[in-house]
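This report refers to the structure that appears directly beneath it.
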Amino acid sequence: VQLQAFGGGLVQAGGFLRLSCAASGDTANIDNMGWFRRTPGKQRQLVATITSGGSTNYADSVKGRFTISRDSAKNTVYLQMNRLKPEDTAVYYCRAEDAFRYWGQGTLVTVSS
């Protein structure tokens, strides 16, 4: 399984961005998909996950501002990020799981104050 993420960029605080991540290859058994982020000096942290059944989980810091969704027919997961804050600045990684765990290449989100 290969993951390709899109949508990062520079945005002002209070703005919005939408990330997308498309899975390709042997995607038939993918269950969970999600987004994680890493800032310098910190480990990669969960942002949001979604199961194949549509159940979602969010980090407390993004609840009410970010929405994760997926299009199973397109093997794509999305992260709508609203009311962005400077502390949301990070490299965002998508992840997909079947019996194994796969990571995308990361996309940089920069939120200016």
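Note that the structure is a prediction, hence the values are computed from the model and not measured.
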(request) Could you state whether W35 and V111 fall into the same hydrophobic cluster, counting links through intermediate Ile, Leu, Val, Met, Phe, Trp or Tyr residues with side-chain heavy atoms under 4.5 angstrom apart? (result) yes
(request) Report the distance from atom CE of M33 to atom CD1 of I68, rounding to the nearest 0.5 Å. (result) 8.5 Å
(request) Starting at OG1 of T27, measure out to CD of Q2 and round the result to the nearest 0.5 Å. (result) 10.0 Å
(request) Grab the two heavy atoms, one from R37 and one from D88, that are nearest each other, plus how far apart they are. (result) NH1-OD1, 3.0 Å
(request) Could you tell me whether the side chain of T110 and the main chain of T89 form a donor-acceptor pair under 3.5 Å? (result) no
(message) For Y92 and F66, take the angle between the two ring planes, folded into 0 to 90°, and tell me which bin it lands in: parallel under 30, tilted 30 to 60, perpendicular over 60.
(response) tilted
(request) Verify the cluster assignment for L79 and Y102: are they in a single hydrophobic cluster under the rule of side-chain heavy atoms below 4.5 Å apart? (result) yes
(message) Run the side-chain contact (heavy atoms from CB on, under 4.5 Å) test on N32 and T49 for me, step by step, so that the C-alpha distance in whole Å, both residues' side-chain angles and the decisive distance to 0.1 Å come before the verdict.
(response) CA-CA 7 Å; N32 295 335; T49 60; 5.7 Å; no
(message) To the nearest 0.5 Å, what is the distance between CG on D31 and CD on E97?
(response) 7.5 Å
(message) Do F16 and Y58 land in one hydrophobic cluster if side-chain heavy atoms of ILVMFWY residues count as linked below 4.5 Å?
(response) no
(message) Using 0.5 Å steps for rounding, measure from the OG atom of S113 to the NZ atom of K85.
(response) 14.0 Å
(request) Indicate the atoms forming the closest heavy-atom contact of V109 with G8, along with that distance. (result) CG2-CA, 4.1 Å
(message) Quick check for you: to the nearest 0.5 Å, what is the distance between Q105 atom CD and F6 atom CZ?
(response) 7.5 Å
(message) So does I50 get a backbone contact from the side chain of R70, meaning a donor-acceptor N/O pair under 3.5 Å?
(response) yes
(message) Applying a strict under-4.5 Å side-chain criterion to I, L, V, M, F, W and Y, I'd like to know whether F36 and F100 cluster together.
(response) no
(message) Donor-acceptor pair, distance only, cut-off 3.5 Å: does the side chain of S72 make one with the backbone of N75?
(response) no
(message) Just verifying a value: how many Å separate Y78 OH and D71 CG, rounded to the nearest 0.5 Å?
(response) 5.0 Å
(request) Examine distances only and state if a side-chain atom of R38 and a backbone atom of Y93 form a donor-acceptor pair shorter than 3.5 Å. (result) no
(request) Please name the pair of heavy atoms, one in C21 and one in L3, separated by the smallest distance, quoted to 0.1 Å. (result) SG-CB, 3.8 Å
(message) Under a 3.5 Å distance rule, please check whether R65 uses its side chain to pair with a backbone N or O of R83 as donor and acceptor.
(response) yes
(message) Do D26 and D98 have side chains that approach each other closer than 4.5 Å (heavy atoms only, starting at C-beta)?
(response) no
(message) Do the side chains of K63 and D60 get close enough for a salt bridge, i.e. N-O under 4.0 angstrom?
(response) yes
(message) If I compare all heavy atoms of L19 with all of M81, which pair ends up nearest, and what's the gap?
(response) CG-CE, 3.7 Å
(message) Could you report the tightest heavy-atom contact between T39 and A90, atom names first, then the distance?
(response) CG2-CB, 3.6 Å
(request) Over all heavy atoms of both residues, which pair between L84 and L17 is shortest? Give the atoms and the distance, please. (result) CD1-N, 3.8 Å
